[in-house]
Amino acid sequence: TFGNGTAGKLTFKVDNLALRDDSQIITATLASGNGGDLTISAEESVENSGESGLFSSAITGSSGNAGNLNITTSQLNVVEGATLISETFGSGNAGNITLKVDNLAVRDGSQISTGTFVGGNGGDLNVIAADSVELFGSNNNDNNQRSGLFSSAERDSTGDAGDLNIESKQINIRDR
């Protein structure tokens with residue numbers, strides 16, 4: 001949204017969804033209206049790879065809230081430097097990220113995060129994995145970015161970070 005109206009919701013209902021090679025799906029607000037929710041329901045899998053990203057954002061100077069990002073699938077793979085992010089760069093709040101999966105793999109320097117960079121609050125990051133969560137590896141770039149799940153209030157922000165909640169039978173974190 002570029003005004004004071006609320007943006008529409010973006011919904012995917014598929015068997016499989018693959019984002020590759022710098023592709024992006026974004027919902028955002030650049031003004032006082034709220035951003036729309038991004039919801040993905042994939043019967044089998046969602047793969048986010050090759051520095052691709054799923055984003056829900058409140059852009060610099062906006063006062064509207066970012067939408068929520070919800071993914072329900074059996075297998076969610078965030079790999080090869082890919083990102084899944086809800087963030088705010090304005091006075092509006094970041095949206096929540098909710099992942100309902102059987103298995104989650106985040107590897108090769110990929111990150112799932114919520115955060116605030118200014119005055120709005122960061123969203124909550126909720127992971128409900130029936131079987132497993134695996135976080136491992138880093139990218140091979142100069143910054144050696146590590147894989148992980150993050151909820152942050154960045155330097156000089158006045159907003160609060162959201163909560164990080166993980167429910168799973170098994171959690172594996174390895175290989176910085």
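Linking Ile, Leu, Val, Met, Phe, Trp and Tyr whenever their side-chain heavy atoms come within less than 4.5 Å puts Leu10 and Leu54 in one cluster. If you chain together hydrophobic residues whose side chains sit under 4.5 Å apart, Ile40 and Ile26 never meet in one group.
With sequence neighbours excluded, the residues that form a side-chain contact (heavy atoms from CB on, under 4.5 Å) with Asn4 are Ser32. Residues that satisfy the ring pair (Phe, Tyr, Trp, His ring centres under 6.0 Å) test with Phe55, not counting sequence neighbours, are absent from this structure.
In this structure the side chain of Ile85 never reaches within 4.5 angstrom of the side chain of Ile97, judged on heavy atoms. Side chains of Leu149 and Val127 form a contact here, defined as non-hydrogen atoms less than 4.5 Å apart. Looking at heavy atoms from C-beta onward, Ile71 lies in side-chain contact with Leu84 at the 4.5 angstrom threshold. For the pair Ser56/Leu38, no side-chain contact is recorded, criterion being any heavy-atom separation below 4.5 Å from C-beta on.
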Step-by-step side-chain contact (heavy atoms from CB on, under 4.5 Å) determination, Leu135 to Asn172: CA-CA 6 Å; Leu135 309 171; Asn172 295 312; over 6 Å; no
Walk me through it: do Leu125 and Asn96 pass the test side-chain contact (heavy atoms from CB on, under 4.5 Å)? CA-CA 6 Å; Leu125 173 52; Asn96 297 323; over 6 Å; no
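Judged purely by distance below 3.5 Å, without hydrogens or angles, the side chains of Ser74 and Asp102 pair a donor atom with an acceptor atom. Inspection of the Glu167 and Asn165 side chains reveals no N or O donor paired with an N or O acceptor under 3.5 Å.
Taking the centre and axis of the six-membered ring of Phe136, the NZ or CZ atom of Arg174 falls inside the cone set by 45° and 6.0 Å.
Atom OG of Ser41 and atom NZ of Lys13 lie 6.0 Å apart (nearest 0.5 Å).
More than 12 heavy atoms of other residues, nucleotides or ligands shown are found within 6.0 angstrom of CD on Glu154.
For Thr73 (side chain) and Ala42 (main-chain N/O), a donor-acceptor pair under 3.5 Å exists by modelled atom type.
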